[in-house]
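These numbers come from a predicted model, not from an experiment.
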Amino acid sequence: MNRNTMAMAAGAAAAVALAVGGWAGYQHLEDGAGTGHVLRGYDATSPAGTAPYADDVFTGRVLEFEEQKELAHLTTDIYRVEVESVLRGDVRGTVRVTFAPDVEPGQRLTDGTTYVFATQAWTDTVQDGQALLFQGEMKPANATQLAAWRRAAALPIVPEE
């Protein structure tokens, strides 16, 4: 073989290796997230994993389901929530909380029930409200759950990059 043929064969082999490596890396990420799951840089299923990324952690009573709409490419439920107690942050009164569960069919919050919310404000809080960061099963607030969230809310907030 001459030099040109060997150079082309080496280049083709390198291109194939890069393509296979990229595909394998993508498959690794895709396999970690099922249908409807969003890749996050934190553990969205535990209080200790979620609270450091939340601006506000509070208990609130769901007043009503308001609407379902598309926000940030996700079908999102929006609830009107009356803030009952604040564990972190400055949220007060009645707020809109967006909830886009990772699983299908999506869990619905029950009107009149108190939950613990860990949120970050959307850019337009009047229109879109507070984005719920916690993606575990939303259960009515109880003493054990509140204790876990109090400990988690005391953790330092992770700075935005």
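Within the 3.5 Å criterion, the main-chain N or O of T113 finds no donor-acceptor partner in the side chain of T110. Judged purely by atom type and a 3.5 angstrom limit, R88 has no side-chain atom pairing as donor or acceptor with the backbone of A118.
Considering only heavy atoms from C-beta on, T76 stays 4.5 Å or farther from E70 through its side chain. Between L87 and F117, every side-chain heavy-atom pair lies at or beyond the 4.5 Å cut-off.
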Taking it one step at a time, do V83 and V95 satisfy side-chain contact (heavy atoms from CB on, under 4.5 Å)?
-> CA-CA 7 Å; V83 176; V95 296; 4.1 Å; yes
Would W149 and F134 satisfy ring-ring contact (aromatic ring centres under 6.0 Å, His included), going step by step from the backbone distance to the final call?
-> CA-CA 11 Å; W149 278 104; F134 182 72; 5.4 Å; yes
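In this structure, R108 forms a cation-pi arrangement with F65, its terminal cationic atom sitting closer than 6.0 Å to the ring centre and no more than 45° off the ring axis.
The two residues T98 and A131 come nearest to each other via the heavy atoms OG1-CA, 3.2 Å. Nearest heavy-atom pair across A48 and L155 is O-CD1, 3.8 Å. Between D56 and Q130, the shortest heavy-atom contact is OD2-OE1, 3.5 Å. Summarising the geometry of L132 relative to T119, their closest heavy-atom pair is CA-CG2, 4.1 Å, with the distance given to 0.1 Å.
Ring geometry for F99 against Y79 counts as tilted: the plane angle lies between 30° and 60°, on a 0 to 90° scale.
Using a 4.5 Å cut-off between side-chain heavy atoms of Ile, Leu, Val, Met, Phe, Trp and Tyr, with links allowed through other members, V158 and L133 fall into the same hydrophobic cluster.
Residues satisfying the salt bridge (Lys or Arg N to Asp or Glu O under 4.0 Å) criterion with R80, sequence neighbours excluded, are E64, E66. A search for side-chain hydrogen bond (donor to acceptor under 3.5 Å, both in side chains) contacts involving Q68 returns D77, not counting sequence neighbours. Applying the side-chain contact (heavy atoms from CB on, under 4.5 Å) test to R61 and every residue at least two apart in sequence or in another chain returns L63, E82, E84, T114. For T45, the side-chain hydrogen bond (donor to acceptor under 3.5 Å, both in side chains) criterion is met by D43, not counting sequence neighbours. By the side-chain hydrogen bond (donor to acceptor under 3.5 Å, both in side chains) test, T50 pairs with no residue at all, sequence neighbours left out. When the side-chain contact (heavy atoms from CB on, under 4.5 Å) test is applied to A148, the partners found at least two apart in sequence or on another chain are P47, R151. In this view, S85 and T59 satisfy the side-chain hydrogen bond (donor to acceptor under 3.5 Å, both in side chains) rule, not counting sequence neighbours. For N142, the side-chain contact (heavy atoms from CB on, under 4.5 Å) criterion is met by T144, Q145, not counting sequence neighbours. In this structure, Y115 has no ring pair (Phe, Tyr, Trp, His ring centres under 6.0 Å) partners at least two apart in sequence or on a different chain.
Annotation: the span from D90 atom CG to D55 atom CG amounts to 8.5 Å, rounded to 0.5 Å.
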